[in-house]
Amino acid sequence: MASNASDKAVDELGESEARGELERLASAIAAADIAYHRDDAPEIADADYDALKRRNAAIEARFPHLKRADSPSERVGAAPAQGFGKVVHAVRMLSLGNAFSDEDVLEFDSRVRRYLNLDADAALTCTAEPKIDGLSLSLRYEGGRLVQAATRGDGTEGENVTANARTIGDIPASLRGAPQVLEVRGEVYMAHEDFAALNARQAESGGKTFANPRNAAAGSLRQLDAAITAARPLRFFAYGWGEISAPLADTQSGALKRLENLGFTVNPLTRTVARPDEMLAHYRRIEADRATLGYDIDGVVYKVDDLDLQRRLGFRSTTPRWAIAHKFPAEIATTRLEKIEIQVGRTGALSPVARLTPVTVGGVVVSNATLHNADYIAGRDSQGNPIREGRDLREGDWVTVYRAGDVIPKVRDVDLSRRPKGAQRYEFPTKCPRCGSDAVREEGEAVAYCTGNLICPAQAVEKLKHFVSRSAFDIEGLGAKQVEAFFDDGWIREPADIFTLSQAHGPGSDAPLEKREGWGPKSATNLFAAIDERRRIPLARLIFGLGIRHVGETSAALLARSYGSWDAFAAAMRAARDHDGPEWEALNAIDGVGKVMAGAVVDFFHEQTARAAVDRLLAHLDVQDAETPRTEGSPVAGKTVVFTGTLETMTRAEAKATAESLGAKVAGSVSGKTDILVAGPGAGSKLKKAEELGVAVMTEEEWRALIG
DNA sequence: GAGCCTCGAGTTCC
DNA sequence: CTCGAGGCTC
């Protein structure tokens with residue numbers, strides 16, 4: 001039976017057929033894995049391998065209870081192209097906003113109150129707990145059993161480290177009384193004493209030692225051989241959750257209690273605090289205990305306790321509005337500023353970088369630091385106010401450096417008493433160091449730009465790097481390094497060249513990729529396949545990839561959503577050529593698009609060279625129309641809504657977020673394209689204009705009734 | 001027109 | 001992560 005079953009569509013399979021199929025697939029995939037990984041001699045084509053994996057996943061999705069203990073979908077190292085399989089998070093793993101001072105914490109408190117329309121003296125309870133310096137992990141339990149563990153990755157997609165997570169003592173393999181689906185999120189870390197012992201062992205056995213516990217934890221979790229992870233002393237604190245089939249509690253603190261009862265370890269310094277002064281008091285207590293905790297922490301996290309309020313607050317593009325991380329002050333080190341060099345970005349921006357005598361800051365050796373712009377070097381901000389009390393930076397100076405947010409190295413100050421004799425004030429270049437074109441700094445702007453847009457090789461290569469970057473075309477195997485090498489050899493000079501790479505440099509060509517240093521038949525085939533995969537591209541990624549100034553990831557998605565298809569978008573931009581007319585007005589009416597961005601986009605389409613390059617690119621692409629938001633049964637899908645006057649039961653931001661989630665476009669001003677004006681008390685000119693234009697006007701109450 | 005909020009662009013090291 | 005600047009609100 002099983003042999004016939006393999007030809008059947010998954011939804012036609014009976015249960016016993018499915019069981020047999022899963023068994024067959026498990027052994028076929030395992031055999032392919034061994035051939036690929038251990039013997040480095042693949043027996044089947046990658047596409048066939050992927051098909052096996054997909055079929056396995058599809059059957060498992062339909063018959064979850066038949067999932068085998070040795071399921072290929074969970075096995076570490078199962079995917080051939082990279083060490084770990086990828087996992088798309090059911091609920092995104094976000095990062096947190098940061099507070100660096102008491103004022104920032106007070107501001108967080110008032111921002112939350114403002115958003116929720118709470119009085120200054122109304123209670124607003126938060127949880128406060130140490131921020132562990134480890135790495136985030138998401139644990140998925142189904143029916144009380146741990147089925148998957150994934151790293152954070154880019155927040156949307158992480159790595160499957162299930163086998164490794166199973167070896168961590170603090171992570172229960174099964175739970176009693178948990179919801180059917182429960183994703184527990186927390187931090188994997190290594191305690192100080194375990195770290196010291198591990199390093200001692202490593203040194204003894206001649207293995208590599210780790211710079212700090214964080215790196216040790218990360219290195220240990222990302223072992224392809226779970227047996228190695230098992231020998232590493234990792235621990236886990238639970239602090240939150242992702243997808244859940246039933247709520248854990250009404251409050252953050254209640255949910256943490258529940259997780260504790262289920263068998264997780266929650267940090268013992270977690271408290272609920274009612275007011276900013278209590279938040280700060282708990283911060284100081286934790287800071288005072290920092291050295292005796294036995295593990296690294298880098299701050300304190302506050303979260304609004306009431307989950308209903310959390311839901312109302314929602315998310316900004318990368319962070320929740322209901323939480324913030326209060327960071328401890330950064331460590332500082334002293335070193336020498338050897339040289340100031342200039343880098344050229346994809347927009348032509350000239351950015352000075354400090355080359356430093358390498359120095360250890362916070363467990364990492366730093367040798368470069370950004371200097372932002374000419375004013376920053378001179379000791380001024382963009383308004384001309386002194387920073388570093390007006391002290392400028394010169395080559396040869398002794399400077400203090402720190403890692404902003406414990407990541408990005410920055411120069412804090414300069415020690416004038418140690419300034420070498422004859423050190424010269426730094427002269428910011430007036431020519432692009434790469435192409436020699438004039439560098440121009442517009443009046444009132446902080447950044448100088450290279451004007452050789454079409455001839456500057458630095459700009460061209462940076463634009464290409466942007467094009468292949470993660471948020472744009474995200475071509476696996478074609479990173480910044482490869483782009484640079486291909487550019488230098490003239491293989492890729494513009495985006496379209498990427499899609500003809502396999503013709504120009506395929507196996508039979510004059511200069512085949514597989515003969516290049518560092519490449520072989522396998523990696524070359526993989527790259528061509530990865531490129532082919534991106535011929536079908538979502539509209540938003542295409543727009544972002546074009547690298548139009550002022551159009552980042554968010555705005556690209558906004559434009560894609562607003563126009564739906566490439567043809568509609570391009571036609572409108574061409575029609576708006578003169579910064580005038582209905583298309584121009586429509587573009588400017590999009591909430592979030594102003595004159596500057598609109599001008600940049602329209603001018604991009606008007607520019608012959610850029611347009612020709614885009615046309616060459618489009619010949620290779622199948623652009624997918626933008627998905628409109630969930631609109632099923634939404635009464636306002638596709639409508640353009642404007643809010644005006646005072647809103648009484650929700651804040652403006654809430655109103656906007658809700659409307660957008662229902663597929664409506666929220667605009668800032670009333671125009672012929674407006675479908676609905678929601679007018680509260682105090683509405684003025686917008687109401688009048690809406691009435692003139694015959695736009696439907698409703699009260700807030702009517703609006704709420706409409707959207708349910 | 002000022003003040004806030006958010007986004008864009010550039011940056012480091014593993 | 002930070003800084004500058006664009007866009008929106010008041």
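Proteins get letters first, then strands, A, B, ... in listed order; numbering begins at 1 in each. Only a predicted model underlies this, so the values are computations on that prediction, with no experimental measurement involved.
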Looking at [X], does any N or O in its side chain come under 4.0 Å of the phosphate oxygens OP1/OP2 on [N]?
{"X": "K410(A)", "N": "dC3(C)", "result": "yes"}
{"X": "S555(A)", "N": "dG8(B)", "result": "yes"}
{"X": "N368(A)", "N": "dC13(B)", "result": "yes"}
{"X": "R346(A)", "N": "dA9(B)", "result": "yes"}
{"X": "T347(A)", "N": "dG10(B)", "result": "yes"}
{"X": "Q343(A)", "N": "dT11(B)", "result": "yes"}
{"X": "N98(A)", "N": "dC1(C)", "result": "yes"}
{"X": "S367(A)", "N": "dT12(B)", "result": "no"}

Calculate the interatomic distance between [X] atom [atom1] and [N] atom [atom2]; express it in whole Å.
{"X": "R111(A)", "N": "dG3(B)", "atom1": "CZ", "atom2": "P", "result": "19 Å"}
{"X": "I548(A)", "N": "dC7(B)", "atom1": "CD1", "atom2": "C1'", "result": "16 Å"}
{"X": "E553(A)", "N": "dA9(B)", "atom1": "CD", "atom2": "C1'", "result": "13 Å"}
{"X": "H550(A)", "N": "dG10(B)", "atom1": "NE2", "atom2": "P", "result": "11 Å"}
{"X": "R403(A)", "N": "dT11(B)", "atom1": "CZ", "atom2": "P", "result": "18 Å"}
{"X": "N215(A)", "N": "dT12(B)", "atom1": "CG", "atom2": "P", "result": "19 Å"}
{"X": "R412(A)", "N": "dC1(C)", "atom1": "CZ", "atom2": "C1'", "result": "14 Å"}
{"X": "H466(A)", "N": "dG10(B)", "atom1": "NE2", "atom2": "P", "result": "9 Å"}

Note to self: Just to be sure I understand the rule, does V447(A) reach a base, reach only the sugar-phosphate, or reach nothing, if contact means heavy atoms closer than 4.0 Å?
What the structure shows: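 Since no nucleic acid heavy atom lies under 4.0 Å of V447(A), the category is nothing.
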May I ask you to say whether [X] pairs ionically with [Y], meaning some side-chain N is under 4.0 Å from a carboxylate O?
{"X": "R336(A)", "Y": "D397(A)", "result": "no"}
{"X": "R214(A)", "Y": "D296(A)", "result": "no"}
{"X": "K131(A)", "Y": "E187(A)", "result": "no"}
{"X": "K465(A)", "Y": "E462(A)", "result": "yes"}

Check: Mapping A349(A) and V365(A) onto DNA chain B by nearest heavy atom, which one lands closer to the 5' end?
Finding: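 The answer here is A349(A).
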Next item on the list: Could you check if a side-chain atom of L221(A) sits within less than 4.5 angstrom of a side-chain atom of L137(A), using non-hydrogen atoms only?
Entry: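 A side-chain contact under 4.5 Å exists here.
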From [options], nucleotide with atom closest to [X] side chain:
{"X": "A446(A)", "options": "dA5(C), dT11(B), dT6(B)", "answer": "dA5(C)"}
{"X": "V596(A)", "options": "dG6(C), dA9(B), dT12(B)", "answer": "dG6(C)"}
{"X": "N373(A)", "options": "dC1(C), dT12(B), dG4(C)", "answer": "dG4(C)"}

Note to self: Could you tell me if R549(A) and Y449(A) have a donor-acceptor pair between their side chains, going purely by distance under 3.5 Å?
What the structure shows: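 A pair is found: one side chain offers a donor N or O, the other an acceptor, under 3.5 Å apart.
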